Amino acid sequence: MRRTHYCGELRRGHAGARVTLCGWVHRRRDHGGLIFIDLRDREGLIQVVFNPAVDTQTHALAHDLRSEYVIEVSGTVAARPEGTVNPNLPTGEVEVAASALTVLSEAETPPFEVEGEAEVGEALRLKYRYLDLRRPSLQRILRLRHVAAQSIRGFLNARGFIEVETPMLTKSTPEGARDYLVPSRVNPGVFYALPQSPQLFKQILMVAGIDRYYQIARCFRDEDLRADRQPEFTQIDLEMSFVDREDIWSLMEEMLVAVFREASGITVATPCPRMSYAEAMARFGTDKPDTRFGMELADVGPLVRGAGFKVFAQALEQGGEVKGICAPGMAGASRKELDDLTEFAKGFGAKGLAWMKVAAEGIDTPITKFFKPEEASAIVHAMGGKSGDLLLFVADKSPIVAETLGRLRLHLAGKLRLIPEVRYDFLWVTDFPLLEYDEAEKRYTAMHHPFTAAMDEDIPLLESSPLKVRAKAYDIVLNGTEIGGGSIRIHRQDLQERMFERLGIGPEEAKAKFGFLLEALQYGAPPHGGIALGFDRLVAILVGVESIRDVIAFPKTQKAVCPLTDAPSPVTRDQLKELHIKMDL
RNA sequence: GGGGGCGUAGUUCAGCCGGUUAGAACGCUGGCCUGUCAAGCCAGAGGUCGCGGGUUCGAGCCCCGUCGUCCCCGCCA
């Protein structure tokens with residue numbers, strides 16, 4: 001080993017020690033006589049002084065040092081002279097008086113400053129990711145990610161979980177996201193798929209009697225990207241046998257407590273609150289409520305039913321809802337602001353937005369003539385409106401009301417700065433519907449996935465009123481972000497077949513696509529359930545960044561391209577020929 | 001597939017109503033400088049204004065197209 005210490009670890013106590021350091025030239029301050037270098041390695045910065053009085057030749061060599069040169073420096077650690085201590089640096093009380101210098105690697109001037117704090121375009125950062133990753137902020141994130149992963153492993157290991165790797169080359173499945181396909185050279189014309197998740201394998205591991213499985217698993221989905229969605233991402237995936245939902249919930253709560261404490265020193269209060277899907281939709285208009293602030297949706301249907309306002313009355317007559325939210329202190333909103341909010345609302349399918357401004361002297365609203373004064377004040381009262389508040393209403397079919405007001409709630413809370421920054425609100429959302437109806441395809445689809453068990457008491461409704469069937473499915477939500485979801489699975493073959501039938505997957509197709517699972521369920525499957533947590537999202541929240549790209553070492557752009565490697569890229573004719581693949585572009 | 005933002009020096013940006021030679025800061029190069037740490041001072045280099053077309057006497061600026069990038073909708077069991 002060339003080095004004796006890391007740059008960042010030197011302290012006053014090292015004074016007098018002869019050390020050899022290796023690292024990158026972070027910054028050079030050349031005074032002609034004296035030359036100062038900030039030398040950087042992964043542990044931090046240390047000031048190195050090149051003084052001709054110490055070694056003339058070494059001082060002369062240091063003249064040619066440039067940013068990001070990789071060097072080896074030997075010298076003596078010395079307490080800094082009076083008045084030259086740098087309190088901004090952990091190593092600021094000492095410096096290294098260099099007596100020998102070797103340039104291990106010269107470096108081109110980097111395309112952006114590794115040292116600089118200035119925001120650099122992401123495309124450039126990703127192309128030169130190795131430079132970007134040198135920056136202390138990203139080094140910190142990668143290490144925190146590592147600590148979080150190790151914390152999770154330690155926690156699950158201690159509770160008897162076995163980490164099992166499942167195949168990356170697996171079978172394409174019809175449900176869910178688009179698969180990444182991999183051709184098979186030895187089997188012309190057929191394809192593997194990269195896993196969207198290890199779902200089926202972990203269930204089969206339960207049939208295999210593993211009892212408790214986990215994996216920090218890479219997953220692949222060929223869908224369009226977002227700030228929180230990459231084509232390959234990492235899940236904390238686990239499954240347990242002989243458990244109920246509560247077992248999973250309490251286990252996950254303990255695990256989150258451990259991870260947040262060990263990775264970031266954050267205390268998570270448990271047990272986490274639980275809320276049914278129905279309640280979440282009613283109160284927050286979304287299945288992943290951000291509970292860090294109020295502004296909940298208020299149902300004013302009963303109060304406006306009798307009033308003369310046609311828009312409201314019609315929505316109710318057609319089985320819809322009239323709900324509103326109260327935007328505190330926004331009574332001063334201008335015509336333009338209200339128009340903008342209306343446009344925002346229309347973006348989610350609402351036909352419009354009704355509003356009331358609450359003032360000390362009364363209520364200001366364009367729909368005033370439709371309400372008697374006492375009706376209007378009953379509405380204000382029901383919504384907790386105070387003088388200076390703005391009430392916003394949407395009347396429509398229930399899903400549109402929920403979506404519009406839910407989005408409006410988040411939009412306004414952001415604008416009004418109502419969301420506390422340093423707060424971690426966990427929430428279990430439970431009792432999801434088992435099925436949704438796909439209008440386009442005219443069939444039912446699984447809301448979670450086709451292997452999710454129904455609530456026992458709802459099973460009889462599977463054929464008669466499928467949309468009323470609740471699932472033993474749950475999501476864990478943190479600050480309005482879904483960070484994980486899971487369910488108790490179907491462990492009986494007859495029920496699994498019934499589910500496929502309900503989903504319009506015929507016996508033939510079920511056998512072709514999932515025959516191995518159905519067969520496994522015939523050989524003694526334990527009741528089981530599990531969960532998968534989005535590890536990237538979790539880390540992003542832990543370090544406080546918006547995009548999961550910032551917590552992935554080598555992420556892809558929105559077009560799913562890797563600017564560093566230029567993947568995906570063309571392949572040779574010979575490669576394609578060997579795979580029996582012809583292009584049709 | 002759709003909506004929106006951005007694209008000017010190595011980087012981050014400014015660039016007025018379309019008008020002469022496109023600027024700033026940082027970085028870079030050279031020089032001076034023995035206590036700096038965002039070192040300082042002096043000098044200098046550096047531009048296909050993403051690309052293509054159009055309008056115009058004249059385009060970084062206006063129009064059309066296109067590419068890249070970011071945000072969002074759709075999509076993501």
Side-chain angles (χ1 to χ4, degrees), chain A residues 26-39 45-54 59 63 66-68 78 80-89 91-92 95 97 108-128 131 173-179 196-197 199-200 219-231 233 343-344 346-349 403 407 410-411 432 434-436 438 440 444-452 471 473 482 485-487 499-500 503 505 513-514 532 534 546-547 549 556-561 563:
Chain A
H26 193 64
R27 207 166 244 285
R28 180 181 62 121
R29 293 176 293 279
D30 187 342
H31 287 227
L34 286 177
I35 298 172
F36 297 95
I37 298 284
D38 290 337
L39 190 63
L45 291 178
I46 182 78
Q47 173 163 281
V48 179
V49 191
F50 294 91
N51 189 334
V54 173
H59 174 264
H63 239 283
R66 293 295 181 271
S67 284
E68 300 307 311
R80 293 203 191 182
E82 192 81 22
T84 64
V85 166
N86 184 347
N88 302 318
L89 231 47
T91 62
E95 62 193 9
E108 294 291 318
T109 301
F112 54 87
E113 293 170 58
V114 172
E115 185 266 344
E117 294 294 312
E119 279 297 305
V120 178
E122 208 174 341
L124 196 69
R125 287 174 48 205
L126 294 184
K127 180 169 164 63
Y128 298 96
L131 299 179
T173 52
E175 300 277 306
R178 294 182 185 89
D179 285 321
Q196 295 177 26
S197 85
Q199 181 61 34
L200 296 171
C219 303
F220 304 86
R221 293 177 191 175
D222 187 6
E223 295 294 345
D224 288 349
L225 285 73
R226 291 281 192 285
D228 61 354
R229 277 166 30 192
Q230 283 275 300
F233 61 101
E343 278 312 303
F344 183 87
K346 283 181 177 170
F348 302 104
E403 167 101 7
R407 299 277 194 165
L410 286 175
H411 177 70
F432 277 81
L434 185 70
L435 300 162
E436 297 175 288
D438 185 329
Y444 293 97
T445 58
M447 195 158 180
H448 186 51
H449 58 52
F451 319 106
T452 302
E482 179 200 326
S487 60
M499 181 68 175
F500 282 144
L503 294 172
I505 300 172
K513 301 294 183 186
F514 305 108
E546 292 295 318
S547 166
R549 290 188 301 274
K556 291 176 178 59
T557 67
Q558 198 163 45
K559 289 277 298 283
V561 165

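As the structure is a computational prediction, the values presented were derived from the model and not from experiment. To find a chain, count down the sequence lines: A is the first, B the second, and so on, and within it residues start at 1.
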Does [X] have any salt bridge (Lys or Arg N to Asp or Glu O under 4.0 Å) partners at least two apart in sequence or in another chain, and if so, which?
| X | value |
| --- | --- |
| A:Glu223 | A:Arg178 |
| A:Asp179 | none |
| A:Arg125 | A:Asp132, A:Asp550 |

With a non-hydrogen cut-off below 4.0 angstrom, is [X] in contact with a base, only sugar-phosphate, or nothing?
| X | answer |
| --- | --- |
| A:Gly121 | sugar-phosphate |
| A:Ala227 | sugar-phosphate |
| A:Thr445 | nothing |

Among [options], which nucleotide has an atom closest to any side-chain atom of [X]?
| X | options | answer |
| --- | --- | --- |
| A:Pro81 | B:rC70, B:rG35, B:rG68 | B:rG35 |
| A:Arg178 | B:rG35, B:rC33, B:rC75 | B:rC75 |
| A:Arg221 | B:rC71, B:rC76, B:rC37 | B:rC76 |
| A:Pro111 | B:rU69, B:rG10, B:rC75 | B:rG10 |
| A:Glu95 | B:rU69, B:rC37, B:rG35 | B:rG35 |
| A:Gln558 | B:rC72, B:rG74, B:rU36 | B:rC72 |
| A:Leu124 | B:rC75, B:rC71, B:rU11 | B:rU11 |
| A:Ala177 | B:rU11, B:rG1, B:rC76 | B:rC76 |
| A:Asp224 | B:rC37, B:rC75, B:rU11 | B:rC75 |
| A:Glu223 | B:rU34, B:rC37, B:rC75 | B:rC75 |

message: Let me confirm one number: the NE2-CG distance from A:His449 to A:Leu200, rounded to the nearest 0.5 Å.
response: 8.5 Å

- request: Using the six-membered ring wherever Trp is involved, compare the ring planes of A:His59 and A:His63 and label them parallel, tilted or perpendicular (cut-offs 30° and 60°).
  value: perpendicular

Quick one: [X] [atom1] to [N] [atom2], roughly how many Å, whole number?
| X | N | atom1 | atom2 | value |
| --- | --- | --- | --- | --- |
| A:Asp30 | B:rC41 | CG | P | 16 Å |
| A:Arg229 | B:rG74 | CZ | C1' | 10 Å |
| A:Leu45 | B:rU36 | CG | C1' | 15 Å |
| A:His411 | B:rC71 | NE2 | P | 19 Å |
| A:Ile46 | B:rG35 | CD1 | C1' | 15 Å |
| A:Leu410 | B:rC72 | CG | P | 13 Å |
| A:Arg549 | B:rC71 | CZ | P | 4 Å |
| A:Asn51 | B:rC33 | CG | C1' | 14 Å |

So what's [N] paired with, Watson-Crick or G-U wobble, going by both distances under 3.5 Å?
| N | value |
| --- | --- |
| B:rC75 | none |
| B:rG35 | none |
| B:rC6 | B:rG68 |
| B:rA45 | none |

Rounded distance in Å between the [atom1] positions of [N] and [M]:
| N | M | atom1 | result |
| --- | --- | --- | --- |
| B:rG46 | B:rG23 | C1' | 13 Å |
| B:rC6 | B:rC42 | P | 37 Å |
| B:rG47 | B:rU34 | C1' | 40 Å |
| B:rC57 | B:rG18 | P | 16 Å |
| B:rU69 | B:rC76 | P | 23 Å |
| B:rG60 | B:rU21 | C1' | 15 Å |
| B:rU11 | B:rC32 | C1' | 27 Å |
| B:rC70 | B:rC13 | P | 15 Å |

[X] versus [Y]: any side-chain heavy-atom pair under 4.5 Å?
| X | Y | value |
| --- | --- | --- |
| A:Ile37 | A:Arg28 | yes |
| A:Glu122 | A:Pro563 | no |
| A:Thr452 | A:Met447 | no |

- prompt: If you pin A:Thr557 and A:Phe348 to their nearest nucleotides in RNA chain B, which one's is more 5'?
  reply: A:Thr557

message: Can you say whether a donor on the side chain of A:Glu122 sits under 3.5 Å from an acceptor on the base of B:rG68, or the other way round?
response: no

query: Does the pair A:Arg29/A:Asp38 count as a salt bridge with the N-to-O cut at 4.0 Å?
result: yes

Write out a two-atom table: protein N or O, nucleotide N or O from nucleotides 26-29 of chain B, distance below 3.5 Å.
{"residue": "B:rC26", "atom": "O2'", "partner": "A:Glu113", "partner atom": "OE2", "Å": "3.0"}
{"residue": "B:rG27", "atom": "O4'", "partner": "A:Glu113", "partner atom": "OE2", "Å": "3.4"}
{"residue": "B:rU29", "atom": "OP1", "partner": "A:Arg66", "partner atom": "NE", "Å": "2.8"}

With a cut-off of less than 4.0 Å, is there a side-chain N or O of [X] near OP1 or OP2 of [N]?
| X | N | answer |
| --- | --- | --- |
| A:Arg407 | B:rC72 | no |
| A:Arg226 | B:rC73 | yes |
| A:Gln196 | B:rC76 | no |

- prompt: Who passes side-chain hydrogen bond (donor to acceptor under 3.5 Å, both in side chains) against A:Arg407, sequence neighbours left out?
  reply: A:Glu403

Residue list, side-chain hydrogen bond (donor to acceptor under 3.5 Å, both in side chains) with A:His411, at least two apart or on another chain: none

message: Tell me whether A:Phe36 and B:rU36 count as stacked here, given that the ring centres must be under 5.5 Å apart and the planes must differ by less than 30 degrees.
response: yes

